[in-house]
Structures are given as structure tokens and as C-alpha cells.
Amino acid sequence: MAGTGKGAVFEDLLPLMADKLGGEGLMKELCSGFQLLMDKDKGVITLDSLRRNSKLLGLQDLKEDELVSMMKEGDFDGDGALNQMEFCVLMFRLSPELMEESWFLLEEAMEGELKNNNARY
């Protein structure tokens with residue numbers, strides 16, 4: 001279990017989803033989640049669209065301050081909304097287990113790439 005802020009606790013399902021769906025399948029699911037939460041007119045997740053649509057993803061028990069915190073934590077460019085990339089990064093950041101696994105996979109991929117580059121020269 002992981003928390004998103006004061007009081008809210010959710011079960012971290014991303015690692016399970018990643019195991020079942022693989023990396024590409026997980027990204028498709030995250031993109032689908034983004035589509036459910038976004039403001040259809042603006043093409044981004046706003047605080048209002050998050051409030052309205054959060055129950056579609058089982059987040060209906062989050063309090064206003066928790067929703068605001070999620071938006072602030074994910075809003076890297078400071079425009080007050082989450083684009084698809086910001087949303088996906090936020091979902092990974094809220095999943096400590098998946099973050100650890102992602103770092104491991106990134107390191108593994110980088111080592112493989114270095115070996116390939118060294119073999120060419």
C-alpha cells in the first residue's frame with residue numbers, strides 16, 4: 001500500500017498491471033486512464049476534470065487537498081494541468097515498487113547499450 005497524501009491510502013496496482021500487461025500494455029492502460037480523467041475540450045487533466053472523473057479510476061475517496069497535491073506534484077511545466085506525459089510520470093512516481101523496477105530496467109538497458117557501442121569500436 002502507498003499513500004498519496006494525508007489520509008488517503010491506495011493499493012499500488014501498477015506493478016501487478018506491469019507484470020500482466022508488459023511495458024507496452026501498461027503504457028496503453030495509463031494512456032486510457034489519462035483519457036478518462038482529462039478535460040475533453042482542453043486535452044489535459046485539470047483539477048476540475050480530476051474531481052469529476054476520479055471515481056472512474058476508484059479515486060472517489062480522495063479529499064480536495066489530496067487532489068490538489070496530486071496536480072501540483074505532477075505539473076512539471078507549471079501550467080496548472082497535467083498533459084499525458086506528466087500524468088504517466090506521476091503514476092510511476094506514486095508507485096514506489098514500479099519506480100525501483102523501472103530504474104533497474106533502465107540501468108540494464110543502458111549497460112546493454114554501452115556493451116553494444118563498445119563492441120562496434
Side-chain angles (χ1 to χ4, degrees):
M1 295 237 180
T4 58
K6 297 184 281 180
V9 177
F10 70 96
E11 185 175 351
D12 186 3
L13 298 176
L14 284 183
L16 178 64
M17 289 173 64
D19 286 343
K20 284 190 166 196
L21 303 172
E24 191 173 319
L26 176 62
M27 290 310 295
K28 285 181 182 177
E29 284 301 311
L30 287 175
C31 291
S32 294
F34 174 80
Q35 296 293 320
L36 289 173
L37 293 173
M38 79 173 190
D39 180 305
K40 305 300 183 222
D41 294 330
K42 297 179 181 176
V44 294
I45 297 173
T46 63
L47 184 57
D48 287 336
S49 71
L50 183 60
R51 275 187 207 113
R52 279 192 314 272
N53 301 320
S54 60
K55 63 184 165 201
L56 296 172
L57 295 179
L59 302 173
Q60 67 272 9
D61 293 333
L62 290 177
K63 297 181 177 95
E64 178 70 13
D65 63 332
E66 294 165 334
L67 295 173
V68 169
S69 292
M70 283 179 71
M71 290 294 295
K72 285 182 181 177
E73 186 174 339
D75 184 15
F76 296 120
D77 61 12
D79 66 355
L82 301 180
N83 61 37
Q84 187 167 308
M85 181 61 71
E86 289 171 325
F87 173 74
C88 290
V89 169
L90 177 63
M91 293 298 98
F92 273 81
R93 288 180 66 201
L94 292 175
S95 176
E97 185 181 326
L98 199 54
M99 279 296 290
E100 288 173 15
E101 187 175 322
S102 296
W103 279 112
F104 173 75
L105 293 173
L106 177 62
E107 287 174 4
E108 200 174 74
M110 289 176 66
E111 286 175 10
E113 189 64 29
L114 286 173
K115 285 179 186 176
N116 288 339
N117 284 339
N118 287 337
R120 287 185 216 158
Y121 299 106

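We count residues from 1, following the sequence as given. Just so you know, these numbers use all the heavy atoms, side chains as well, and skip hydrogens, waters and symmetry mates.
Hydrophobic clustering (ILVMFWY, side-chain heavy atoms < 4.5 Å, transitive): L36 and V44 are in distinct clusters.
Judged by distance alone, the side chain of D75 and the main-chain N or O of D79 form a donor-acceptor pair under 3.5 Å.
Rounded to the nearest 0.5 angstrom, C31 SG and M38 CE are separated by 11.0 Å. Rounding to the nearest 0.5 Å places OG1 of T46 at 5.5 Å from CZ of R52. Between I45 atom CD1 and D39 atom CG the span is 10.0 Å, to the nearest 0.5 Å.
Taking both residues in full, the closest heavy atoms of L37 and S49 are given as O-OG, 2.8 Å, listed atom of the first, atom of the second, then distance. A pairwise comparison of heavy atoms in L47 and E64 identifies CD2-OE2, 3.9 Å as the closest pair.
A salt bridge between D48 and R51 is present, with a side-chain N of the basic residue lying under 4.0 Å from a carboxylate O of the acidic one.
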Check: residues 84-91 side-chain donor-acceptor pairs under 3.5 Å, at least two apart:
residue : atom : partner : partner atom : Å
E86     : OE1  : N83     : N            : 2.9
E86     : OE2  : F76     : N            : 3.0
E86     : OE2  : D77     : N            : 3.1

